[in-house]
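Input: a single structure, listed below in structure tokens.
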Amino acid sequence: MFQTQSSLCQTHVQKQMCRSKASYHQQFFKDIQKCASPSDVLGLASKFPDAPKYARSCLATMRMLTKKLSEDQKHDERRLMFEHPQFSQLCQCVMQEAKYMWRDDLACGLLAVEKLGVPPNTRLVQTLLRVCQERLNEFDDRFLSVVSSTLQEMEKSKNVEAFQVGLQ
């Protein structure tokens with residue numbers, strides 16, 4: 001079969017768009033490695049319209065950067081992080097996408113928000129807890145361990161305790 005010139009052009013345009021998306025993707029991950037604080041990650045996310053696709057990477061990077069800080073610096077960075085307008089957008093995205101996330105993104109996302117100091121009574125944490133609980137059968141031993149250790153470190157609440165009982 002012969003392709004028309006129009007369909008050849010469409011195929012060429014689609015290939016260019018895929019290359020452009022791959023380049024965009026690479027640029028985001030190159031730039032996120034240069035971030036020195038959670039606020040830097042949020043600033044970067046505000047520059048990339050598709051950053052919500054990388055919510056788990058943003059949370060994980062923010063968590064890793066926070067681990068390296070002194071207690072005083074952690075306190076200051078958390079305050080800046082919670083006040084940053086991009087943080088609420090990132091949290092909103094995570095809540096909306098939680099039911100579609102891969103199991104590792106879900107488990108590691110819960111761990112990251114717990115380590116970042118997001119209060120356990122927030123909609124974000126409660127959403128992640130609920131979705132993890134609903135999809136518990138999808139988790140392998142590694143991610144069950146991540147979720148279990150995260151629950152042990154969280155403040156006790158009815159939902160946390162119910163989930164821990166469910167894990168047993």
Side-chain angles (χ1 to χ4, degrees), residues 25-99 101-133 135-136 139-168:
H25 179 79
Q26 290 171 346
Q27 187 61 49
F28 178 83
F29 284 102
K30 189 185 297 183
D31 289 351
I32 204 169
Q33 291 175 354
K34 297 175 187 173
C35 292
S37 70
S39 298
D40 290 348
V41 174
L42 293 169
L44 175 67
S46 68
K47 295 177 186 173
F48 282 81
D50 283 352
K53 287 183 185 178
Y54 313 122
R56 189 248 189 197
S57 296
C58 289
L59 289 172
T61 302
M62 291 164 59
R63 176 183 159 241
M64 295 306 284
L65 292 169
T66 303
K67 282 173 68 171
K68 300 174 185 178
L69 301 174
S70 70
E71 284 305 314
D72 287 342
Q73 290 172 319
K74 282 181 186 178
H75 177 73
D76 292 341
E77 275 300 323
R78 283 183 179 138
R79 183 182 51 75
L80 291 171
M81 178 183 69
F82 291 143
E83 291 172 356
H84 200 288
Q86 190 65 33
F87 185 71
S88 62
Q89 290 178 340
L90 186 67
C91 293
Q92 197 65 30
C93 174
V94 170
M95 287 186 294
Q96 290 171 349
E97 295 298 317
K99 59 186 167 199
M101 286 180 172
W102 293 90
R103 65 183 184 197
D104 58 334
D105 290 341
L106 200 51
C108 294
L110 179 63
L111 174 65
V113 297
E114 193 277 327
K115 293 291 187 184
L116 286 169
V118 177
N121 61 344
T122 60
R123 251 182 83 214
L124 172 62
V125 174
Q126 294 302 312
T127 299
L128 290 172
L129 281 172
R130 180 181 45 79
V131 175
C132 283
Q133 206 166 8
R135 295 178 53 196
L136 197 55
F139 293 132
D140 59 15
D141 290 342
R142 178 177 173 218
F143 295 111
L144 282 172
S145 177
V146 169
V147 170
S148 178
S149 64
T150 302
L151 290 172
Q152 288 175 359
E153 293 185 27
M154 291 179 76
E155 281 182 33
K156 298 300 175 205
S157 71
K158 289 180 184 178
N159 291 343
V160 170
E161 290 172 3
F163 197 176
Q164 285 175 323
V165 168
L167 280 172
Q168 294 172 354

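Quick caveat: nothing in here was measured; it's all calculated off a predicted structure.
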Salt bridge (charged side-chain N to carboxylate O under 4.0 Å, His left out) pairs touching residues 83-95, sequence neighbours excluded, are Arg79-Glu83

Can you list everything that forms a side-chain hydrogen bond (donor to acceptor under 3.5 Å, both in side chains) with Asp72? Sequence neighbours excluded, please. none

Donor-acceptor pairs under 3.5 Å, side chain of residues 28-37 to any protein atom, not counting sequence neighbours: which ones?
{"unit_1": "Asp31", "atom_1": "OD1", "unit_2": "Gln27", "atom_2": "NE2", "d": "2.7"}
{"unit_1": "Asp31", "atom_1": "OD2", "unit_2": "Gln27", "atom_2": "NE2", "d": "3.2"}
{"unit_1": "Ser37", "atom_1": "OG", "unit_2": "Ser39", "atom_2": "N", "d": "3.4"}
{"unit_1": "Ser37", "atom_1": "OG", "unit_2": "Asp40", "atom_2": "N", "d": "3.2"}
{"unit_1": "Ser37", "atom_1": "OG", "unit_2": "Asp40", "atom_2": "OD1", "d": "3.4"}

Between Thr61 (side chain only) and Cys58 (backbone N and O only), is there a donor and an acceptor less than 3.5 Å apart? no

Does the distance from a Lys or Arg side-chain N to an Asp or Glu carboxylate O, for Asp104 and Arg142, drop under 4.0 Å? no

Taking only residues at least two apart or on different chains, which pairs with a member in residues 148-160 satisfy salt bridge (charged side-chain N to carboxylate O under 4.0 Å, His left out)? Lys115-Glu153

Tell me every residue that passes side chain to side chain contact (heavy atoms under 4.5 Å, CB included) with Lys67, counting only those two or more places apart in sequence or in another chain. Arg63, Met64

Candidate pair Leu65 and Glu77, rule side chain to side chain contact (heavy atoms under 4.5 Å, CB included), full reasoning: CA-CA 10 Å; Leu65 292 169; Glu77 275 300 323; over 6 Å; no

Rounding to 0.5 Å, atoms CE (Met62) and CG (Leu90) come to a distance of 6.5 Å

Can you list every pair that meets ring pair (Phe, Tyr, Trp, His ring centres under 6.0 Å) and has a residue in residues 69-88, with sequence neighbours left out? Phe82-Phe87

side-chain hydrogen bond (donor to acceptor under 3.5 Å, both in side chains) against Gln133, all qualifying residues, sequence neighbours excluded: none

Does some side-chain heavy atom of Phe163 sit less than 4.5 Å from a side-chain heavy atom of Leu136? yes

Are the side chains of Gln164 and Gln152 in touch, meaning some heavy atoms are under 4.5 Å apart? yes

Pairs touching residues 159-168 that satisfy salt bridge (charged side-chain N to carboxylate O under 4.0 Å, His left out), sequence neighbours left out: none

Those residues at least two apart in sequence (or on a different chain) that pass side-chain hydrogen bond (donor to acceptor under 3.5 Å, both in side chains) with Arg135 are Glu138

Only distances under 3.5 Å count here; give the side-chain donor-acceptor pairs of residues 116-128 to other protein atoms, sequence neighbours excluded, each with its distance to 0.1 Å.
{"unit_1": "Thr122", "atom_1": "OG1", "unit_2": "Pro119", "atom_2": "O", "d": "2.8"}
{"unit_1": "Thr122", "atom_1": "OG1", "unit_2": "Val125", "atom_2": "N", "d": "3.4"}
{"unit_1": "Gln126", "atom_1": "OE1", "unit_2": "Asn159", "atom_2": "ND2", "d": "2.3"}
{"unit_1": "Gln126", "atom_1": "NE2", "unit_2": "Pro120", "atom_2": "O", "d": "2.5"}
{"unit_1": "Thr127", "atom_1": "OG1", "unit_2": "Arg123", "atom_2": "O", "d": "2.7"}

Beyond-backbone contact of Val146 with Phe139, side-chain heavy atoms, under 4.5 angstrom: no

Would you give the length of the straight line joining atom CG of Leu111 to atom CG of Leu151, rounded to the nearest 0.5 angstrom? 10.5 Å

For Lys74, enumerate each residue passing the side chain to side chain contact (heavy atoms under 4.5 Å, CB included) test, keeping only those at least two apart in sequence or located in another chain. Thr66, Leu69, Glu71, Arg78

Closest non-hydrogen atom pair between Leu167 and Ser148, with its separation: CD1-CA, 3.9 Å

Listed by chain and number, what are the side chain to side chain contact (heavy atoms under 4.5 Å, CB included) partners of Asp141, not counting sequence neighbours? Leu144

Taking C-beta and beyond as the side chain, do Arg56 and Met101 meet within less than 4.5 Å on heavy atoms? no

Does the side chain of Gln89 come within less than 4.5 Å of Leu42's, by heavy atoms? no

Should Leu59 and Val41 count as side-chain neighbours, where that means a heavy-atom distance under 4.5 Å? no

